[in-house]
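All chains are named by letter (A, B, ...) in the order of the sequence lines, taking the proteins before the strands, and each is independently numbered beginning at 1. In what follows, every heavy atom counts, from backbone to side chain, and hydrogens, waters and symmetry copies are set aside.
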2 protein chains.
Amino acid sequence: MTISDIAKELGITPSTVSRALSNSTRVNEKTRLKVQLVAQRMGYHPNVMASSLRKGTSGTIGMIVPRINRHFFSNVICGVERIVNPAGFNLLIYQSDEQHDKEVLGLQTFLKNRVAGIIISLASDTDDYSHLQQLSGMGVPLVQFDRVKDDLQGAKIVNDNFNGAYLGVKHLIKSGYKRIAHLAGALHLNVYNERLNGYLAALKEIGMGYDDRMIVTNVITRDAGADAITKVIDAGADAVFCAGDYSALGAMLEIKKRGLIIPDNIGVLGFANEPFAEIMSPALTSVEQNAFEIGNRAAQAIIQMIEKKDATINTEEVVPVRLIVRESTIKNNCLTF
Amino acid sequence: MTISDIAKELGITPSTVSRALSNSTRVNEKTRLKVQLVAQRMGYHPNVMASSLRKGTSGTIGMIVPRINRHFFSNVICGVERIVNPAGFNLLIYQSDEQHDKEVLGLQTFLKNRVAGIIISLASDTDDYSHLQQLSGMGVPLVQFDRVKDDLQGAKIVNDNFNGAYLGVKHLIKSGYKRIAHLAGALHLNVYNERLNGYLAALKEIGMGYDDRMIVTNVITRDAGADAITKVIDAGADAVFCAGDYSALGAMLEIKKRGLIIPDNIGVLGFANEPFAEIMSPALTSVEQNAFEIGNRAAQAIIQMIEKKDATINTEEVVPVRLIVRESTIKNNCLTF
DNA sequence: TTGTAAGCGTTATCAT
DNA sequence: ATGATAACGCTTACAA
């Protein structure tokens, strides 16, 4: 079922059919209608591979995320689709599984498919960026979000991680906690680095200073959270700011297991506001990221770059975050709050 | 950067380069190595659009899910990728958002992209199947999973919904609950229909009979769960089997709000074993679906159909489920358990 | 307004 | 083992 079939059926040429179907002005209104009718009737579906081969560009945008089943990432995906689909693009989604190798593999697939642009959030594993560096030279637009590498060409959309952490820790301080620990992530990733800095800034502001034993790094998973919390409790922590909700979850379960009370003995603050944060008891105070908005902006950025055919811009947008205060950080006997 | 560029560079013809790159036997070993080296050095990426246009088929598999951010679906996606990527296919993912129109739109995009096959779980909204009926005639393999329409051509991979419901309700009965309600889903979907039947079968087996007021349909969301639970409590329910964890969640929150105790006053059983089920307090008893396995099987099925070039098979595989018993269904004063 | 024809990058067929 | 050539389905100058 091709354009030529329709042409034969109507006794006209393929070019006219092509024009009729692509809503060109260089075609008689009657012809257009006839063609579109016949196309419909014959169950014609344009072959976009032929079309994009000819046009030299595909209407596909490639997106690489570390994990599809994280609330944050799946919602960014939704945000991207919301913009990208009505604009006539479709999304090819790849999971890197936090692995650099898979990230490279996905990228190569995208290049083979001549995607119009690439949206990515880096795998935690990735510390070599050559696969991404080549893109601007090839004229392939790149948009990074959340986990970004600063000196790569392209747009960057990030959360206000610093401020989220800062606000959260300030809140802990106001709630009366005195020795606030931090379960940090992998510090080579901007997101965790910035959260650490926000934490430090909040402490510094009130002259609290910081204690090495109060900071544990590379704590991202639930299990790691459970392990790490014991260390900081032993070091005398009465509150903990976790760089992610999963580590916060692990910490909370471990704290309960030890018979301590949240928030009275220990306050817990998370980051990401995963759906379970609200449901837990006590409900987990967390920093909400506007995933959908990030997706929207990433989509707008990539579409703009595609339309301007410019892969060499270098912008950064910071999306605000919001502290959601719940039970896990409000002492029942707290007077200062 | 094309095959011809490489050919010129080496002073040979495009055909030889093509053969060298596709590991054909009809090429000298030395030539192959030379070609592959140069391709590497020049940063060549094959143009799959040209290739699939020529070959008449793309290496892309299209997948449509109602929602990407449901634990079940995102894990099915992982399961599909696990099989499909190593086999040299890539996955185009679409969300229908439970809307028939978006489902049709996604399908059309797939057809335009000449996908090699389509994997789908139906939108709850879908009750017209003509967009899917046309596929087998077009030679496009279709695999349905979870939410399936029986009389469509193609493979079907489903959960053992009946048995999951049956086991769950039997467990409620053993736990000593006497008046078991059911918050059912949309009954035109096989999954909810089968769960209802499993519920009825378990009741029937012990001669419990059923009470109209004990069954509320179209309860899928958290809010709907909260609404519906009050109805069945008023009708005297002392336990509720929810067709999904989200409605169970809504029900539990509402029950707590009313000052009733789970599981002592009311037992709650869910379905899907979403991650939050384990975390809630009391932890929610739920039926676990093996999403990853379903994804694996769906992938294997579609690959088989693609390789056999047969879109007209009609098989159904039932994947077993598992009841995960937690606190929400075990009365503290229960002697019968 | 419509037709003609070339070409996008590949691969398959045929010939050498 | 390699080369020449046509074709996949579409778009787009250019010509009519």
*Determine yes or no for a side-chain-to-main-chain donor-acceptor pair under 3.5 angstrom, with B:N193 supplying the side chain and B:L189 the backbone.*
no
Distance, rounded to the nearest Å, where [X] contributes [atom1] and [N] contributes [atom2]:
X     : N     : atom1 : atom2 : value
A:L33 : C:dT1 : CG    : P     : 13 Å
B:R54 : D:dA6 : CZ    : C1'   : 8 Å
B:E29 : D:dT2 : CD    : C1'   : 15 Å
A:K8  : C:dG3 : NZ    : P     : 15 Å
A:H45 : D:dG9 : NE2   : C1'   : 15 Å
A:L53 : C:dA6 : CG    : P     : 18 Å
B:R26 : D:dT2 : CZ    : C1'   : 11 Å
B:N47 : D:dG9 : CG    : C1'   : 14 Å

_I need the single residue from B:V80, B:T60, B:I303 that forms a side-chain contact (heavy atoms from CB on, under 4.5 Å) with B:F89. Which is it?_
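Exactly one pass, corresponding to B:I303.
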Does the side chain of [X] get closer than 4.0 angstrom to OP1 or OP2 of [N] through an N or O atom?
X     : N     : result
B:S51 : C:dG9 : no
B:T13 : D:dG3 : yes
A:T2  : D:dG9 : no
B:S15 : D:dT2 : no

*With DNA chain D as reference, determine whether A:P14 or B:K55 sits nearer its 5' end, using the nearest nucleotide of each.*
B:K55
*Can you tell me if CZ on B:R32 sees more than 12 non-hydrogen neighbours from other groups inside 6.0 Å?*
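Yes.
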*asked:* Side chains of A:R114 and A:T57, heavy atoms from C-beta outward: is any pair under 4.5 Å?
replied: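 A:R114 does not reach A:T57 side chain to side chain.
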Taking any heavy-atom pair under 4.0 Å as a contact, classify [X]: base, sugar-phosphate, or nothing.
X     : result
A:S22 : nothing
A:T16 : sugar-phosphate
A:T31 : sugar-phosphate

*From C:dT2, C:dT10, D:dC10, pick the nucleotide closest to the side chain of A:N28?*
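The listed nucleotide nearest to A:N28's side chain is C:dT2.
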*Check every atom of C:dT2, D:dC10, C:dC8 against the side chain of A:I3 and return the nucleotide holding the closest atom.*
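Of the candidates, D:dC10 comes closest.
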*Parallel, tilted or perpendicular for B:F73 and B:F145, by the 30°/60° rule?*
perpendicular
*Quick one: the side chain of A:R19 and the base of C:dG3, do they pair up donor-acceptor inside 3.5 Å?*
yes
